[in-house]
Amino acid sequence: MPELPEVETMVRGIRSHIEGRKLVAVERCPCKCRPLLLEPKLPAIRRRTLGQAVQSVTRRAKRVVIEMTGGDAFVIEPRMTGLVLLSDPPDVEHLRIVWRFEGVQAFNAVWFWDRRGLGTVRLLNSEELAALRDLGQLGRDALDMTADDWREVCQKTRRPIKVALLDQKLVAGIGNLYASEILHRAKISPFQPAEDLRPAELRRLATAVREVLEDAIRNEGSTLGDGTYRNALNESGSYQNAHRVYARHDERCPTCQRETILRTVQAQRSTFYCPNCQQQRMIR
DNA sequence: ATTAATGTTCAGAA
DNA sequence: TTTCTGAACATTAA
């Protein structure tokens with residue numbers, strides 16, 4: 001599930017503990033789970049990174065980027081159930097990869113844990129890292145978007161705005177959960193074609209994106225009912241308590257207190273919305 | 001036994 | 001060209 005706020009929480013959780021520290025080992029965990037998607041293979045990874053220090057820990061969309069002093073960077077993509085941990089994994093069976101650091105401090109390792117095993121870990125050279133950073137394969141980070149950026153992006157497609165928000169090539173970082181929350185906060189119908197959004201709606205969208213994502217980061221992300229998402233110390237996030245529509249179908253809308261939150265399906269993903277607060281306009 | 005779940009990526013069709 | 005659909009990845013819980 002990790003979306004932008006959860007991945008940002010992972011980055012903040014490990015950054016101060018590993019920046020500047022020397023990497024002494026990268027190991028596959030001795031678990032029975034299927035080999036995770038790891039590129040290149042371990043010997044090449046070790047040859048290129050062991051003995052180097054961590055230069056920086058940053059986020060690109062929904063990926064954790066650990067740049068080494070040699071110029072290569074680990075890119076961790078948690079996908080559905082991946083976690084980046086300093087300690088205390090939910091279970092030992094689904095640990096996948098461990099990075100060990102020199103010295104004696106509170107935390108000497110970072111673990112990648114992934115129950116479903118859809119996540120990936122890659123080592124990119126500086127050229128590939130630059131390509132990941134620029135727009136093209138991934139759009140601008142959702143937290144960097146201005147109202148003008150939103151106008152530009154929305155003009156590119158007639159797809160419903162909810163579906164467009166999930167297209168990482170348009171805007172990077174928003175996933176299914178936050179898309180519903182953002183549109184409810186912005187009072188925009190999930191069915192409204194992106195191209196048809198008016199200037200006032202684009203401004204509300206820009207504001208809502210910032211407010212929802214920043215609030216979610218402050219709350220260390222959303223831990224849903226299945227309890228999978230955890231921060232670097234295996235603690236739950238708390239933003240799920242602030243959700244206004246996600247998975248709240250059949251409850252009364254907390255904003256208008258009049259209508260019931262509905263669930264529908266768009267692009268094979270659940271959408272939650274209030275039919276009163278988020279009415280679709282017929283024409284431009 | 002069937003269904004759905006937060007993400008990404010591909011092929012192929014409309 | 002754009003958009004949509006389904007499948008694939010693997011696991012768990014209802």
Side-chain angles (χ1 to χ4, degrees), chain A residues 1-10 29 31-39 59-64 75-84 89-96 112-122 132 136-139 142 153-183 190-196 212-213 216-217 219-231 236-243 245-250 263-272:
Chain A
M1 114 138 98
E3 302 181 24
L4 187 154
E6 288 77 21
V7 177
E8 180 65 25
T9 302
M10 294 175 185
C29 297
C31 64
K32 298 185 288 289
C33 49
R34 106 182 151 103
L36 92 172
L37 181 46
L38 180 67
E39 285 177 359
R59 179 182 58 77
R60 171 70 172 119
K62 303 176 190 175
R63 297 155 201 207
V64 177
V75 176
I76 304 169
E77 201 175 344
R79 302 255 179 127
M80 294 290 266
T81 54
L83 297 180
V84 173
D91 65 49
V92 174
E93 289 77 52
H94 298 100
L95 285 171
R96 309 276 174 166
F112 180 61
W113 180 96
D114 189 358
R115 176 154 50 76
R116 283 173 69 175
L118 305 181
T120 66
V121 176
R122 294 171 207 268
L132 177 71
Q137 37 181 309
L138 281 175
V153 157
C154 287
Q155 275 171 356
K156 289 182 179 174
T157 181
R158 282 186 290 277
R159 283 177 291 167
I161 183 63
K162 161 67 172 15
V163 178
L165 287 180
L166 298 181
D167 185 342
Q168 303 298 302
K169 292 193 212 50
L170 288 177
V171 180
I174 298 171
N176 200 43
L177 189 164
Y178 291 103
S180 284
E181 292 297 324
I182 285 164
L183 290 177
F191 307 109
Q192 198 77 50
E195 197 188 43
D196 293 347
V212 168
L213 296 181
I217 291 169
N219 284 274
E220 301 201 76
S222 302
T223 298
L224 299 179
D226 71 354
T228 296
Y229 170 71
R230 295 280 198 266
N231 69 14
S236 296
S238 57
Y239 192 70
Q240 65 279 3
N241 302 317
H243 291 175
V245 290
Y246 185 81
R248 294 199 184 280
H249 49 304
D250 303 331
R263 173 188 179 274
T264 188
V265 174
Q266 295 178 285
Q268 294 137 281
R269 321 289 301 278
S270 291
T271 296
F272 301 90

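Side-chain atoms are counted along with the backbone in the values below, which use heavy atoms only and exclude waters and symmetry mates. In what follows, chains are A, B, ... by sequence order, proteins preceding strands, each numbered from 1.
To the nearest 0.5 Å, atom CG of residue A:D114 and atom OG1 of residue A:T120 are 9.5 Å apart. If you take CG on A:D196 and CD on A:Q155, they are separated by 11.0 Å, rounding to the nearest 0.5 Å. Atom CZ of A:R60 and atom CG of A:L138 lie 4.5 Å apart (nearest 0.5 Å).
Remark: the backbone N or O of A:T271 is not paired with any side-chain donor or acceptor of A:T264 at under 3.5 angstrom.
Straight-line distance from the CZ atom of A:R269 to the C1' atom of B:dA4: 12 Å, rounded to whole Å. Remark: P of B:dA5 and CG of A:N176 are 8 Å apart, rounded to the nearest angstrom. Summarising the geometry, the separation between CG on A:L118 and P on C:dT12 is reported as 12 Å, rounded to the nearest angstrom. Rounded to whole angstrom, the span from the CE atom of A:M10 across to the C1' atom of B:dT6 amounts to 11 Å. B:dT9 atom C1' lies 15 Å from atom CG of A:L166, rounded to whole Å. For the pair A:D167 CG and C:dT2 C1', the computed distance is 12 Å after rounding to whole Å. Between the P atom of B:dA5 and the CZ atom of A:R116 lies a distance of 11 Å, rounded to the nearest Å. Whole-Å rounding puts the A:R115 CZ to B:dG7 P distance at 14 Å.
The aromatic rings of A:Y246 and A:F272 stand perpendicular to each other, their planes meeting at an angle above 60°, with 30° marking the opposite boundary.
Rounded to a whole angstrom, the distance from the P atom of C:dA7 to that of B:dT3 is 12 Å. For the C1' atoms, the distance linking C:dT1 with B:dT8 amounts to 23 Å, nearest Å.
Here the side chain of A:S270 is nearest to one of B:dT8, B:dA5, C:dT12, namely B:dA5. Nearest to the side-chain atoms of A:T228 among the listed nucleotides B:dT6, C:dT3, C:dG6 stands B:dT6. Side-chain proximity of A:R158 to B:dT6, C:dT3, B:dT9: nearest is C:dT3. Candidate nucleotides C:dG6, B:dA5, B:dG7 were compared by shortest atom distance to the side chain of A:M80, and B:dG7 ranks first.
A:Y229 comes within 4.0 angstrom of nothing in the nucleic acid, heavy atoms only. Across all strands shown, A:T157 has heavy atoms under 4.0 Å from sugar-phosphate atoms exclusively, and none from any base. A:S222 comes within contact range of no nucleotide atom at all, as no heavy-atom separation falls under 4.0 Å.
Counting atom types as modelled, A:E77 pairs no side-chain N or O with a base atom of B:dG7 as donor and acceptor under 3.5 Å.
Phosphate contact (OP1/OP2 of C:dT12, side-chain N/O of A:H94, threshold under 4.0 Å): present.
The nearest heavy atom of DNA chain C to A:K156 and to A:Q268 marks one nucleotide each, and the one closer to the 5' end goes with A:K156.
Shown here, C:dA14 forms a base pair with B:dT2; the pair counts as Watson-Crick or G-U wobble because both key distances fall under 3.5 Å. Base-pair partner of B:dA14: C:dT2 (Watson-Crick or G-U wobble, both distances under 3.5 Å).
A 4.5 Å side-chain heavy-atom check between A:N176 and A:L166 finds at least one atom pair inside the cut-off.
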